[in-house]
Amino acid sequence: MNDKICTLTFDNSAEQAKLFSQVLNINCELVHSRKFPDEEILLSIPPALPEHVVMFRSLHQPNDKIIEILLAAKTARKHNAKRITLIAPYLCYMRQDIENKPGEAISQQIIGELFANTFDDVITVDSHLHRIDHLDQAIPIENAINIMATDPMSDFLEKQCPNTIIFGPDGESEQWVSEIAENIGGEFAVAQKVRRGDKSVKIEIPDKDFNGKDITIVDDMASTGRTIALATQLLKQAGAKSVNALVTHALFMGDAKNHMIKNGVENIWSTDTISDPSNKIQLHKLLADSFKTIL
Ligand code: R5P
């Protein structure tokens, strides 16, 4: 057992954090948190810590979780932690990267600075970086690492549906779909998307022969599921034989899954960055490999 590093995790990420810690042969302990009647948080960490602490937590539905990781990190510093690495398999607030209307908060920068001021390193997976190339442009620290889940996704698809066309529902997804298609030696296609509202998107699929083809839509996340649902509808209209969906982050808010299925998605698959019954691909080894590179 390496007792120079330990993992602190929270209920929602405990399973994945334990697997990650097993790979590294380090202790994994739980942070306890409860709410007072007025919703303030009382949090406690195990007080005997090594100098290097990994805080492992996925940050979907993030608002309480951000407060909790801040409380936990500051408390860890008081109890011996000199270096704290945040491993957030899903990293929140990375999508709002410009001021669309005057007065809008650019949350990517604001939350990014908060993380930079709190943690020494940040590691995440398939972060939604649209107008920037590297995570350290959002989180200005040396080790701000955004790893891609494309290799394990490719392994999964190769076994599950080797002859599928990999389909990206918008321009941003090209980085993932092109890589996966190359890995599995398959074809890919990318649509153009305009978002009109939280639950409203307009998609134009490329001029390609989808008739009779098996298609897998791959995206970094599905939130309301509207993007994948509409892409599926259009692919079906174009004659697709089957449409499956594979996402890194299973946000799946509200009726997302039903909506996708109603619109023709046959299977919904995801990685385990967010715990969900659709999880088919485990990423703890990938995260552990990335963590080793910063030691
Ligand atoms: C944004 O462009 C992302 O890559 C996803 O396509 C988007 O977040 C999906 O959102 P929804 O499921 O709400 O359409």
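Position 1 is the first residue of the sequence, and the numbers go up from there. Just so it is clear, the structure is predicted and the values come from calculations on it, not from any experiment. Whatever order the structure lists them in is the order used to number ligands and atoms, beginning at 1.
Two rings, from Phe291 and His284, have their centers 6.0 Å or more apart. Between Phe167 and Phe188, the distance from one ring center to the other does not fall under 6.0 angstrom.
Proximity of Ile228 to ligand 1, defined as any heavy-atom pair under 4.0 Å, is not found for any part of the residue. Residue-level proximity to ligand 1 for Asp219 is carried by the side chain, the only part with a heavy atom below 4.0 angstrom.
Proximity of Lys193 to ligand 1 is established by a heavy-atom distance of less than 4.0 Å. The shortest heavy-atom distance from Val201 to ligand 1 is not under 4.0 Å. Ligand 1 lies nowhere less than 4.0 angstrom from a heavy atom belonging to Met253. Ligand 1 does not have Pro169 within reach: every non-hydrogen atom of the residue lies 4.0 Å or more from it.
Partner Gln96 forms a side-chain hydrogen bond (donor to acceptor under 3.5 Å, both in side chains) with one of Gln108, Glu104, Gln109 and no other, that one being Glu104. A side-chain hydrogen bond (donor to acceptor under 3.5 Å, both in side chains) with Ser242 is found for one member of Asp214, Thr232, Thr216 and no other, namely Asp214. Checking each of Ile84, Leu8, Leu86 against Ile69 for a side chain to side chain contact (heavy atoms under 4.5 Å, CB included) leaves exactly one that passes, namely Leu86. Screening Asp220, Asp126, Asp219, Thr150 for a side-chain hydrogen bond (donor to acceptor under 3.5 Å, both in side chains) involving Trp176 leaves a single residue, Asp126.
If you check which protein heavy atom lies closest to atom 13 (O) of ligand 1, you get Thr224 OG1, 2.6 Å. Among all non-hydrogen protein atoms, the one lying nearest atom 14 (O) of ligand 1 is Thr227 OG1, 2.5 Å.
To the nearest 0.5 Å, atoms CG (Leu235) and CD1 (Ile215) are separated by 5.0 Å.
Not a single N or O atom of Asp198, backbone or side chain, sits closer than 3.5 Å to an N or O atom of ligand 1. Checking only distances, Met221 never comes within under 3.5 Å of ligand 1, N or O to N or O.
Of the N and O atoms on the side chains of Gln282 and Asp272, not one donor lies less than 3.5 Å from an acceptor on the other residue.
Between Asn183 and Asp151 the shortest side-chain heavy-atom distance falls below 4.5 Å.
Atom numbering of ligand 1 starts at 1 in the shown order; those under 4.0 Å from a heavy atom of Ala222 are 12 (O). Atoms of ligand 1 found under 4.0 Å from any heavy atom of Asp220 (numbered from 1 in listed order, with element): 3 (C), 4 (O), 5 (C). Which parts of ligand 1 touch Gly225 is read off a 4.0 Å heavy-atom cut-off, strictly below it: atoms 11 (P), 12 (O), 13 (O). Set against the non-hydrogen atoms of Arg95, the atoms of ligand 1 under 4.0 Å away are 8 (O).
With distances taken over non-hydrogen atoms, the option nearest atom 10 (O) of ligand 1 out of Arg226, Arg195, His128 is Arg195.
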Inset, instruction - Any chance you could lay out the salt bridge (Lys or Arg N to Asp or Glu O under 4.0 Å) test for Asp121 and Arg83, step after step, and finish with the verdict? - result: CA-CA 8 Å; Asp121 329 281; Arg83 179 176 183 183; 3.0 Å; yes
